[in-house]
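First comes the structure, then the notes that go with it.
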Amino acid sequence: MTEQDFILKSYNSTLESGSVKWESPSNIALVKYWGKKDNQIPENPSISFTLSDCKTITEITFIKKESKDFSFDIYFEGKKNEAFKPKIQTFFERIEIYMPFLKDYHFKIETSNTFPHSSGIASSASGMSAIALCLMSIERSLSTVDISDKIFSQKASFLARLGSGSACRSIEGELVVWGKNESIEASSDLYGVKFEGEVHSNFKNYQDTILLVDKGEKQVSSTVGHQLMHGHPFAEKRFKQAHDNLAKLKTVLASGDVNEFVKIVESEALTLHAMMMTSMPYFILMKPNTLEIINKIWAYRQKTDSKVCFTLDAGANVHVLYPENEKAFILEFIKNELVSCCQNGHYICDQIGQGANQI
Ligand code: DP6
């Protein structure tokens with residue numbers, strides 16, 4: 001598929017109004033996307049677990065208008081929200097060429113998250129993918145040709161990527177790859193693809209408990225962080241490492257070697273933060289309690305035969321990943337030793353999910 005293939009060629013704009021609704025999950029990267037080229041093209045491939053319970057629920061109501069400018073209102077958790085408008089405006093501008101009907105309608109976008117807004121959990125992946133899916137449902141009812149489910153998901157992922165890179169990995173489950181990589185034939189820089197390789201039972205229903213270390217606004221956004229990979233002294237090596245780690249992870253997912261899984265995932269998380277610390281300007285998103293939790297996880301792994309490990313996204317919160325058969329022990333460990341490191345003792349229990357749903 002090329003970008004041209006995603007342009008809606010023929011549509012019928014007799015539809016006066018309607019309403020569509022989707023719920024779309026967040027995802028957590030195992031091999032991290034950090035660094036991008038123009039048009040949201042990633043510098044390296046990434047792979048993520050789709051989450052199950054951390055979701056955005058979005059309803060779009062549309063009504064025909066005179067075709068002039070974009071027109072939309074956003075309601076977040078029932079209240080009109082002006083702060084999200086510029087991001088959606090940019091998104092509409094980027095995707096208009098692929099969805100030429102966007103100026104024909106006024107859109108009322110009503111959105112809410114299942115996780116607390118001020119949790120420091122990035123909602124751009126679930127939020128942008130939910131909007132992309134709603135717009136695809138509208139496209140489906142306007143298009144003069146049938147859109148297969150495969151093309152529907154692919155274009156939703158393609159559009160979501162133009163909203164926020166990692167959002168393209170939230171359409172499907174359980175594992176999604178984004179970015180061209182030799183070891184994964186169907187992989188593309190343009191959209192996420194469901195990981196179709198073998199996945200050992202050790203990785204079924206993998207658990208992710210998110211420890212909320214810092215719920216505040218980040219000092220440096222991901223978008224700025226990505227830009228700082230341009231001219232970064234270690235960029236090329238890092239991009240190559242991500243390719244290699246993805247190929248290794250593919251083998252590990254098939255063999256069920258959880259020890260190797262832990263090494264790749266933790267190294268990816270620390271490398272991501274090492275890139276931030278070695279950018280110019282440099283910055284640190286981890287907090288003292290992030291390190292406290294990492295050390296406690298390492299100590300716990302040493303004294304037990306647990307396979308628990310951690311990963312981080314672009315923030316201070318810690319994602320604790322573990323096999324389903326360790327759930328009872330790890331939740332005990334979290335309650336006894338890690339909750340004290342969380343802001344107001346807050347954490348969220350989640351697990352691998354199957355992707356977005358229309359509701
Ligand atoms: C560290 O997808 O939030 O979570 O494309 O600028 O919207 P934009 O960035 P974003 O970056 C996410 C980076 C990450 C790693 C990952 O999810 O792969």
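Here the structure is a predicted model, which is why all the values come from computation and not from measurement. Numbers for residues simply follow the sequence, beginning at 1. Each ligand, and each atom within it, is numbered from 1 in the order the structure gives.
Nearest residue to atom 9 (O) of ligand 1 from Glu268, His226, His273 is His226 (criterion: closest heavy atom). Nearest to atom 16 (C) of ligand 1 by heavy-atom distance, out of Lys87, Gln40, Arg169, is Arg169.
In this structure, Tyr322 has its ring center no closer than 6.0 Å to that of Tyr206. Between Phe158 and Tyr191, the distance separating the two ring centers is not shorter than 6.0 angstrom. Between Phe261 and Phe203, the distance from one ring center to the other falls under 6.0 angstrom.
Ligand 1 lies within reach of Lys36, whose nearest heavy atom is under 4.0 Å from it. Using 4.0 Å as the threshold, Arg161 has no heavy atom nearer than that to any atom of ligand 1.
Among the atoms of Ser46, none of the N or O lies under 3.5 angstrom from an N or O of ligand 1. Geometrically, ligand 1 and Ser166 share a nitrogen or oxygen pair separated by less than 3.5 Å. Distances between N or O atoms of Thr223 and those of ligand 1 include at least one value under 3.5 Å.
Contact of the Ile348 side chain with the Cys54 side chain is registered, since non-hydrogen atoms from C-beta on lie closer than 4.5 Å.
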In sequence, state the C-alpha distance, the side-chain angles, and the governing distance for Asn317 and Tyr347, and then conclude on side chain to side chain donor-acceptor pair (under 3.5 Å). CA-CA 9 Å; Asn317 296 334; Tyr347 62 95; over 6 Å; no
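Asn295 places no side-chain N or O within donor-acceptor distance of the main-chain N or O of Glu292, the cut-off being under 3.5 Å.
There is a side-chain donor-acceptor pair under 3.5 Å between Ser19 and Glu59. In summary, the side chains of Gln241 and Lys237 do not present any donor paired with an acceptor at a separation below 3.5 Å, with no hydrogens or angles considered. Using modelled atom types and a 3.5 Å distance limit, the side chains of Arg238 and Thr271 yield no donor-acceptor pair.
In the vicinity of Asp313, heavy-atom distances shorter than 4.0 Å reach the ligand 1 atoms 4 (O). Every atom of ligand 1 is numbered from 1 in the order shown, and the set under 4.0 Å from a heavy atom of Gly165 is 2 (O), 5 (O), 7 (O), 8 (P). For ligand 1 and Ala314, the ligand atoms under 4.0 Å from any heavy atom of the residue are 1 (C). In the vicinity of Ser222, heavy-atom distances shorter than 4.0 Å reach the ligand 1 atoms 3 (O), 9 (O), 11 (O).
Residue contacts with ligand 1, taken as heavy atom pairs separated by less than 4.0 Å, involve Ala29 solely via side-chain atoms from C-beta onward. Residue contacts with ligand 1, taken as heavy atom pairs separated by less than 4.0 Å, do not involve Ile28 at all.
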